[in-house]
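To keep things clear, I will list the structure first and then write my remarks on it.
Everything numeric in this text was worked out from a predicted model, so none of it was measured. Whatever order the structure lists ligands and atoms in, that order sets their numbers, starting from 1.
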Amino acid sequence: MRQTFLTRILHKFVVGSKKIYANPQLAYSLFVSIFVVVGFFVTAFVFIRITQDAQDRLITVRVGALHDGFSFFAAENIDEPQALRRAMARLALADATLRDLQVVTVDASGERMIIADLIEDENPVLEEQYNFAYDFSSGRPGDSFTFTIEYEGARQFITVRKLDEVQDVWFLTRQSLSEADRIVDQNILYAILMMLLIVIAILFLFLRQTKVVDYFHLYKKLQIKHKEKDSFISTAAHELRAPLAAIRGYAENLKDEKLSEKGKEHLGVVELKSGQLSDLIDDILDVARIQEGRLAINATSVKPMDVVDDVCNTLRVSAEQKGLELVCKEEGNVANVFVDEKRLQQILINLVGNAIKYTEKGTVTLSTKQQGGTVYFSVEDTGIGIGGEHQKHLFDKFYRVQSEKTSNIVGTGLGLWISKRIIELMGGAISVESLENVGTKFTIAFPVEE
Ligand code: ADP
């Protein structure tokens, strides 16, 4: 059990290391993460040390001031131990860090003698330290000396002063820094907890980032697959072209043959369906060209009304077959535009073709006009119209309005997507206005040729 757990951890470590090696951005993130954690740790501890240092200095200054005051008082009252003791008690009450206070002198034989004291804790270890302190300060009367010792697990400040040069009298205090150190330790604990939180947060971010790297690789793979699929579709569409052209050619030849009524009817279906298939293949190839950015635009100076006439001639029969009136007109004089004529024709055939497809009765109007520096082509019908919620998606790829009225009308949802892209490639814009059951108007705008 233990073995498998360790093996799993080791395996994860190896996999993780390989992943980091293969993705330099992860190594960079890891480096930044470690840098942030270490940076925080160092800053926090430097800050705590500075605070502790400042605190120690403050305590030293305070005890120095206390020694200044008390030494003065002690020198005056050296013969009144009771008064000295009372004063010491008051000092101890005012400052909770004070543990021991002592005023000592030496007798004629040189033995140290306590004049007054307030000792919390009789201890030979401390006594030894105090003796050292008295000896140490003897050479510099009037100055306070503070040094630190470790006693019962807490730091202690021992401060000592020989009152003056004249009398052999010393004043000593011991302060416990346990409270101050406890606060520092607490802050260190907070810093460690904070650091743990930061480490967890960074670990979490790091794991998220490894996921993002996974997604990135997945995205790259998908992109390749997507490209393969697109290229397969466009190759397949290309390959379909030749046999389809042959079918259409043979169907055309059959028109010259003597055929029964049934035969003529069947030939008509073959022509219609093969025409639809040919349009679909053209659409698929156009989509591929646009997506790969290789749709060539051969712009020349084009007279708008010429294109309008061509489109109307192409679609007049279709409109008449549906009993629709097809109106083609030029409003006023319209200047030339600089576009690809074949592509403009293709777009207008698509729009007028849609207008015929989605109109039951009435009129389809294809017109052109000029306003200022802009030439407009509009295709207006009295058909089924398009609801507001569909209009914003109309130029999306494969978007088709799904309704009872459109359910029997065949289409791919590619025509408007292709038209919009080609119009934009030629520097124009397309817009739509429509009311359900009233009709639709598509407007294309191109700048006048300069
Ligand atoms: P489709 O091959 O489906 O006609 P298009 O891209 O040309 O594809 O058109 C997208 C959708 O927009 C159509 O399916 C149809 O619902 C709607 N549409 C386009 N033109 C008209 C129109 N003149 N009147 C009503 N709806 C239209």
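The single protein non-hydrogen atom nearest to atom 1 (P) of ligand 1 is G413 N, 3.5 Å, given as residue, atom name and distance. Here the protein heavy atom with the shortest distance to atom 2 (O) of ligand 1 is T412 N, 2.9 Å. In terms of protein heavy-atom proximity, atom 3 (O) of ligand 1 is nearest to R400 NE, 2.5 Å. The nearest protein atom to atom 26 (N) of ligand 1, hydrogens excluded, is given as I386 CG1, 3.3 Å; this is a heavy-atom distance.
Close contacts of ligand 1 with V401, meaning ligand atoms under 4.0 Å from a residue heavy atom, involve 14 (O), 16 (O). Of all the atoms in ligand 1, the ones that sit under 4.0 Å from a non-hydrogen atom of A355 are 23 (N). Here is the list of ligand 1 atoms found below 4.0 Å of a heavy atom in Y399: 10 (C), 11 (C). The ligand atoms of ligand 1 that sit less than 4.0 angstrom from a heavy atom of L414 are 6 (O), 8 (O).
For ligand 1, one of its N or O atoms has an N or O atom of G415 under 3.5 Å away. Taking distance alone, with nitrogen or oxygen atoms compared against 3.5 Å, F442 stays at or beyond that limit from ligand 1. Close N/O approach between Y358 and ligand 1 is found [any backbone or side-chain N/O within under 3.5 Å].
Ring geometry for Y399 against H393 counts as tilted: the plane angle lies between 30° and 60°, on a 0 to 90° scale.
A salt bridge does not link D53 with R49: every distance from a Lys NZ or Arg NE/NH1/NH2 to an Asp or Glu carboxylate oxygen is 4.0 Å or more. Between E424 and K420 there is a salt bridge, with a side-chain nitrogen of the basic residue lying less than 4.0 Å from a carboxylate oxygen of the acidic one. Salt bridge annotation for D286-R289: present, with a cationic side-chain nitrogen under 4.0 angstrom from a carboxylate oxygen.
Considering only heavy atoms from C-beta on, W417 comes within 4.5 Å of V287 through its side chain.
The number of heavy-atom neighbours closer than 6.0 Å to CG of N253, taken from other residues, nucleotides and ligands shown, is above 12. By the 6.0 Å contact criterion, CZ on R140 is open, its count of non-hydrogen atoms from other residues, nucleotides or ligands being 12 or less.
Outside the 6.0 Å centre-distance limit, the rings of Y215 and Y219 are not counted as a close aromatic pair.
For L435, the side chain to side chain contact (heavy atoms under 4.5 Å, CB included) test picks out V438, with sequence neighbours left out. Residues satisfying the ring-ring contact (aromatic ring centres under 6.0 Å, His included) test with F171, not counting sequence neighbours, are H67, F70.
Residue-level proximity to ligand 1 for K357 is carried by the side chain, the only part with a heavy atom below 4.0 angstrom.
The option from I418, T382, D396, N354 that lies nearest to atom 19 (C) of ligand 1, judged by heavy atoms, is N354. The closest non-hydrogen atom to atom 23 (N) of ligand 1, taken over V364, I409, D381, comes from D381. Nearest to atom 9 (O) of ligand 1 by heavy atom, out of V379, I384, L416, L394, is L416.
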